[in-house]
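As structure tokens, the structure follows; a few thoughts come after it.
Residue numbers start at 1 and run along the sequence shown. Just the heavy atoms: all of them, side chains too, but no hydrogens, waters or symmetry mates, feed the values below.
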Amino acid sequence: LKRGGLYYDIVASPLKEATLADLESYPFPNPLDPGRVAGVEEEARLLHENTDYAVVGSAGGPTNIFELSWYLRGLDQFLMDLIVDKSFAHALLRKVTDLQIAKYGEFLKKTGKHLDMVRVGDDMGTQGQPFFSPALYREIIKPYHVAFFSFIKQHTDAALMFHSCGSVYPLLPDLIEAGIDILNPTQVSAKDMEPGRLKQEFGDRLTFSGAIDSQHVLPYGTPQEVENEVRQRVRQLAPGGGYMIASVHNIQPDVPPENVVAMFKAGRKYGRYPLTSA
């Protein structure tokens with residue numbers, strides 16, 4: 001973490017120069033370490049039994065397949081692998097998927113019956129398009145998502161929340177088929193992510209989480225513009241259910257406090273059923 005920074009940035013990828021043989025000897029973390037799930041069963045049970053909040057579970061650390069693969073390999077190299085070294089891409093995706101399934105297996109043994117949602121994620125879109133075509137996603141990455149998501153759903157009745165920033169509209173039919181129930185963060189500033197369109201095409205199969213623009217409105221808008229944003233998103237995404245009000249991204253330090261307050265006030269004002277027409 002750089003001094004004054006907000007996030008951990010990857011500066012080196014340990015499998016950048018790896019071969020298929022190297023994958024077998026690489027010291028991956030132990031997904032079955034009991035310390036990973038120490039105390040989570042009691043915490044999930046207490047939240048489930050003693051609060052009226054939705055209990056959301058995540059097994060900790062990276063919860064992704066595609067992203068964790070490119071973290072290890074480097075984004076540029078892994079995107080090339082998807083085209084020119086598919087054997088390596090499959091081997092790495094298989095290894096990462098097995099690790100995630102093992103980790104989530106231990107987690108869900110402890111928490112599955114107490115959860116309302118399970119959160120996983122894989123950022124698969126830039127501002128203007130997905131990282132890959134739907135055809136390439138179906139060929140190489142989707143089978144591992146299906147394996148991972150199916151495993152989760154076999155071990156809990158909780159809804160599956162999937163996080164992906166960016167323009168992922170072309171991938172949504174496949175992600176729904178793979179098993180996601182909730183899309184987060186619904187990045188409305190990205191190409192083809194217009195909320196009205198998403199609701200019309202996918203609202204009968206997806207719940208949308210997010211959609212309050214954190215790129216322009218929250219940091220630079222007035223409190224009234226923030227309220228207008230919330231009201232508009234509720235109008236577009238909430239009819240018939242299926243919308244969870246939230247900012248697209250984490251609320252950043254440059255967001256004025258009054259805009260944070262305006263978002264929460266507007267959420268309480270407009271985000272109730274029956275929906276107001278105001």
Side-chain angles (χ1 to χ4, degrees), residues 1-2 5-15 23 26-51 53-73 75 78 92-124 141 144-166 175 178-185 207 209-210 244 246-252:
L1 181 64
K2 297 177 182 178
L6 300 173
Y7 302 97
Y8 289 93
D9 296 317
I10 295 171
V11 296
S13 297
L15 298 179
L23 289 180
Y26 184 75
F28 288 96
N30 178 11
L32 305 180
D33 185 336
R36 294 181 180 275
V37 293
V40 298
E41 182 173 12
E42 296 78 7
E43 184 175 0
R45 178 178 56 79
L46 287 171
L47 290 170
H48 179 73
E49 295 178 356
N50 297 300
T51 78
Y53 295 115
V55 182
V56 183
S58 170
T63 65
N64 33 47
I65 302 294
F66 164 68
E67 276 190 278
L68 185 51
S69 297
W70 77 250
Y71 292 171
L72 291 164
R73 185 68 161 159
L75 180 59
F78 191 64
L92 182 54
L93 287 163
R94 180 75 265 169
K95 185 69 174 180
V96 168
T97 302
D98 290 344
L99 290 168
Q100 295 290 25
I101 286 174
K103 183 176 71 172
Y104 267 82
E106 294 302 299
F107 176 72
L108 293 173
K109 283 179 189 176
K110 303 289 187 180
T111 65
K113 64 183 178 180
H114 303 304
L115 299 178
D116 298 294
M117 287 184 281
V118 174
R119 185 185 185 281
V120 298
D122 245 334
D123 283 339
M124 299 195 297
I141 298 169
Y144 301 100
H145 275 164
V146 170
F148 185 29
F149 301 165
S150 298
F151 177 86
I152 290 172
K153 292 200 160 192
Q154 290 165 9
H155 291 80
T156 181
D157 293 328
L160 183 62
M161 174 187 280
F162 181 81
H163 169 90
S164 179
C165 294
L175 286 167
I180 74 169
D181 301 301
I182 304 164
L183 177 68
N184 169 271
T207 289
S209 168
M244 301 160 57
S247 58
V248 167
H249 201 285
N250 302 334
I251 296 173
Q252 303 296 303

* Asked: Closest heavy-atom contact between F66 and M124?
  -> CD2-CG, 4.1 Å
* Under 3.5 Å: donor-acceptor pair, side chain of K153, backbone of L160 -> no
* To do: Of all the heavy-atom pairs spanning L93 and S69, show the shortest one and how long it is.
  => CD2-OG, 3.5 Å
* With side chains defined as the heavy atoms from C-beta onward, is the minimum distance between L72 and F28 less than 4.5 Å? -> yes
* Asked: Looking at P29 and L99, what are the two nearest heavy atoms and their distance?
  -> O-CD2, 4.0 Å
* Between S209 and I182, what is the shortest heavy-atom contact and its length? -> CB-CG2, 4.0 Å
* To do: Could you grab the distance from atom CG of N184 to atom CE of M161, nearest 0.5 Å is fine?
  => 5.0 Å
* Structure fact -> Rounded to the nearest 0.5 Å, the CD1 atom of I101 sits from the NE2 atom of H155 at a distance of 9.5 Å
* Structure fact -> dist D98:CG -> K95:NZ (nearest 0.5 Å) comes out at 7.0 Å
* Asked: Would you say the side chain of T97 lies within less than 4.5 Å of the side chain of R94, judging by non-hydrogen atoms?
  -> yes
* Gap separating the CD1 atom of I141 from the CG atom of L175, nearest 0.5 angstrom -> 10.0 Å
* **L75 and I10: CA distance, side-chain angles, deciding distance, side-chain contact (heavy atoms from CB on, under 4.5 Å) verdict** => CA-CA 10 Å; L75 180 59; I10 295 171; over 6 Å; no
* Asked: Ignoring hydrogens and geometry, is there a side-chain-to-backbone donor-acceptor pair from S13 to L15 under 3.5 Å?
  -> no
Counting only pairs under 3.5 Å, give me each side-chain donor-acceptor contact of residues 109-117, with atom names and distances, residues two or more places apart or in other chains.
| from | atom 1 | to | atom 2 | distance (Å) |
| --- | --- | --- | --- | --- |
| K109 | NZ | E106 | OE2 | 3.0 |
| T111 | OG1 | F107 | O | 2.9 |
| D116 | OD2 | V55 | N | 2.8 |

* Asked: Between H145 and F149, how do the two ring planes meet: parallel, tilted or perpendicular, split at 30° and 60°?
  -> parallel
* Structure fact -> Shortest non-hydrogen pair, R119 vs Y104, comes out as O-OH, 2.9 Å
* Asked: Is the backbone N or O of N64 less than 3.5 Å from a side-chain atom of D122, with the two atoms forming a donor-acceptor pair by type?
  -> no
* Just grab all the side-chain hydrogen bond (donor to acceptor under 3.5 Å, both in side chains) pairs involving residues 29-42, residues at least two apart or on different chains. => none
* To do: Apply the test side-chain contact (heavy atoms from CB on, under 4.5 Å) to residues T207 and D181: give CA-CA distance (whole Å), side-chain angles for both, the deciding distance (0.1 Å), then the verdict.
  => CA-CA 6 Å; T207 289; D181 301 301; over 6 Å; no
* Compare all side-chain heavy atoms of Y7 with those of N250 and state whether any distance is below 4.5 angstrom. => yes
* To do: Can you establish whether the number of heavy atoms outside D157 located under 6.0 Å from its atom CG is more than 12?
  => no
* Do you know which two heavy atoms are closest between A102 and P31, and how far apart they sit? -> CB-CG, 3.7 Å
* To do: Evaluate the side-chain contact (heavy atoms from CB on, under 4.5 Å) criterion for residues V120 and Q100: first the C-alpha distance (whole Å), next the side-chain angles of each, then the deciding distance (0.1 Å), finally the verdict.
  => CA-CA 10 Å; V120 298; Q100 295 290 25; over 6 Å; no
